[in-house]
Amino acid sequence: MKYRFLDLGMQPIANNFLADIPEKDCEFKFHLTVSYDDETALVSLDDFVPPELMFNENYVYHSSMSKTMRDHFLSAANHLKSMLNPERVLEIGSNDGVFIKNFDPATTTAVEPCGNFADLTNEIGYQTYCDFWTKDIVEKIVQTGKKDLIFSANCICHIQDLDDAFSAVEKVLSTGGAFVFEDPSLYRMIKRGSYDQLYDEHAHIFSVIALSNVLGRSNMEIFRVESLDVHGGSNRIFACRIGERPIDESVNYHISMEKEAGLDRLETYVNFGKQIETSKKQLTNLLKELKRKGSKIISYGATSKSTTVFNYCGINGSTIDYIVDTTPSKQNKFSPGVHIPVIAPEDTTIADADYAFLGAWNFESEISEKESEFLKRGRFITHVPFVRIIEPEE
Ligand code: JHZ
């Protein structure tokens with residue numbers, strides 16, 4: 001049975017940055033509520049947004065946009081090569097090719113529903129099917145051979161029908177092959193109060209407990225788990241067909257840790273819901289107080305996460321002057337729902353702002369290093385793990 005524990009109000013498509021401010025009520029919005037399923041322990045949105053509205057040829061999120069992520073995927077590729085030595089590789093949701101470009105195009109295939117990115121990786125020699133990952137595409141993929149490594153980053157949690165997705169993986173995986181995927185961790189989201197991991201694209205936020213339950217229905221099991229720092233805390237899950245590989249002790253370690261944190265109990269989520277309501281009050285009060293004192297506040301990183309925070313907390317252009325972001329396809333546009341202008345760093349001097357809300361709090365160290373000039377006078381504000389102005393000694 002599913003129990004609703006969080007209501008983040010009406011939300012737009014998190015990555016739908018707008019060229020113009022739309023007429024009143026013309027922007028697509030949906031009611032973002034989140035539930036815990038006590039049969040599987042899976043945490044999911046109650047209402048899924050049609051995938052074509054989110055993932056299409058206008059998709060703006062480029063994985064290569066930060067050095068942190070470029071380094072991360074290079075080291076992930078090297079790690080998986082030396083650990084699994086795969087001959088044939090498939091990536092599900094290859095985005096701008098940041099991961100696959102570390103593999104040989106002759107033996108690497110990709111599936112990517114966003115036409116702009118599928119074109120890009122096809123152009124650099126990687127056969128990329130422009131499609132969603134469903135069992136319908138399996139027949140075509142199998143013709144290119146079964147895969148020893150199926151990799152996916154920040155994509156499996158976007159897939160609404162997990163049984164369909166996992167059974168499709170099971171059909172394409174070679175005997176003894178590994179299905180490796182990384183997504184934001186529910187454990188870290190609960191520990192850090194980072195409710196902004198919840199938006200239209202994230203149909204689910206995974207615990208290892210829930211994934212074990214759901215993968216089992218497709219004859220698969222988890223044989224290893226690695227914790228990652230990226231995206232505010234993620235898990236890299238290694239799965240295989242049941243019985244094909246020895247189970248590493250990291251699996252039980254994570255499951256025990258999650259049980260200790262109560263991820264298999266409704267009460268934990270109910271408490272999280274209350275904590276988020278408090279976080280909203282604290283953030284809006286802090287910003288109101290700073291504005292009352294005449295401070296200039298901007299935001300750093302036009303993220304999906306900041307779309308959730310701004311729309312949930314009702315923060316708009318009267319509080320935040322603009323958002324600065326390095327992604328060209330987000331620049332000179334307006335943020336979804338609350339319509340704050342997005343500006344390129346080279347078109348503005350953030351040094352004259354007093355505060356910058358960290359929409360990309362997951363890149364705090366990369367950003368702080370880059371913005372040492374701003375930090376001589378200005379301060380970052382964050383809501384993770386609790387609402388505060390970040391002082392220089394932190
Ligand atoms: P970032 C994305 O979420 C979307 P988002 C997606 N759905 C997903 O699953 C998660 O990632 C995991 C900018 N930036 O990565 C670049 C600067 O401007 O936190 C990006 O627009 N200057 C696929 O959108 C944004 O911040 C900088 O110095 O929440 C970061 O977005 C740096 C470092 C980044 O993802």
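We're numbering straight along the sequence, starting at 1. In listed order, ligands and their atoms are each counted from 1. Computed from heavy atoms alone, side chains included, the values below leave out hydrogens, waters and symmetry copies. The model shown is predicted, which means the values in this text are computed figures rather than measured ones.
The closest approach between a heavy atom of Q197 and any atom of ligand 1 is not below 4.0 Å. Not a single heavy atom of H62 sits less than 4.0 Å from an atom of ligand 1. Using a 4.0 Å heavy-atom cutoff, W361 is absent from the residues neighbouring ligand 1.
One finds no salt bridge joining D325 and K333 here, because no Lys/Arg side-chain nitrogen approaches an Asp/Glu carboxylate oxygen to under 4.0 Å. Between K135 and D164, at least one side-chain N (NZ, or NE/NH1/NH2) sits under 4.0 Å from a carboxylate O, which counts as a salt bridge. One finds a salt bridge joining R292 and E289 here, because a Lys/Arg side-chain nitrogen approaches an Asp/Glu carboxylate oxygen to under 4.0 Å. Residues K67 and E366 are not paired through a salt bridge, judged by the lack of any N-O separation under 4.0 Å between the basic side chain and the carboxylate. A salt bridge links R377 to D354: one of the charged nitrogens lies within less than 4.0 Å of a carboxylate oxygen.
Contacts of T327 with ligand 1, taken as heavy-atom pairs under 4.0 Å, involve the side chain alone. Of all the heavy atoms of M69, none lies under 4.0 Å from any atom of ligand 1, so neither backbone nor side chain is involved. With a 4.0 Å cut-off on non-hydrogen atoms, T326 touches ligand 1 through its backbone as well as its side chain. Here K305 has heavy atoms under 4.0 Å from ligand 1 in both its backbone and its side chain. Under 4.0 Å from ligand 1, not a single heavy atom of D196 appears. Here Y59 has side-chain heavy atoms under 4.0 Å from ligand 1, and that is the only part of it that gets that close.
For atom 28 (O) of ligand 1, the closest heavy atom belonging to the protein is K370 NZ, 2.4 Å. The protein atom (non-hydrogen) at minimum distance from atom 9 (O) of ligand 1 is H202 NE2, 2.9 Å. When hydrogens are left out, the protein atom nearest atom 34 (C) of ligand 1 is F363 CD1, 4.2 Å; that is the closest non-hydrogen contact. Protein heavy atom closest to atom 15 (O) of ligand 1, with residue, atom name and distance, is Y61 OH, 2.8 Å. Closest protein heavy atom to atom 10 (C) of ligand 1: Y199 OH, 3.5 Å. At the shortest separation from atom 13 (C) of ligand 1 among protein heavy atoms lies D325 OD2, 3.2 Å. For atom 11 (O) of ligand 1, the nearest protein heavy atom (residue, atom name, distance) is H231 CE1, 3.3 Å. What sits closest to atom 31 (O) of ligand 1 on the protein, heavy atoms only, is T303 CG2, 3.4 Å.
Within 6.0 Å of CD in E23 there are 12 or fewer heavy atoms belonging to other residues, nucleotides or ligands.
Ring centroids of F374 and F380 are separated by less than 6.0 Å, placing the two rings close together. Checked against the 6.0 Å centroid threshold, H254 and Y187 do not count as a close aromatic pair.
A 4.5 Å side-chain heavy-atom check between Y322 and I350 finds at least one atom pair inside the cut-off.
Nearest to atom 7 (N) of ligand 1 by heavy atom, out of E369, E364, E201, is E201.
For the pair K305 and Y199, the cation-pi criterion (under 6.0 Å, within 45° of the ring axis) is not fulfilled. For the pair K140 and Y129, the cation-pi test (distance below 6.0 Å, angle within 45°) is failed.
Heavy-atom proximity to I367, at under 4.0 Å, picks out these atoms of ligand 1: 27 (C), 28 (O).
With no hydrogens or angles considered, no side-chain donor-acceptor pair links S167 and S218 at under 3.5 Å.
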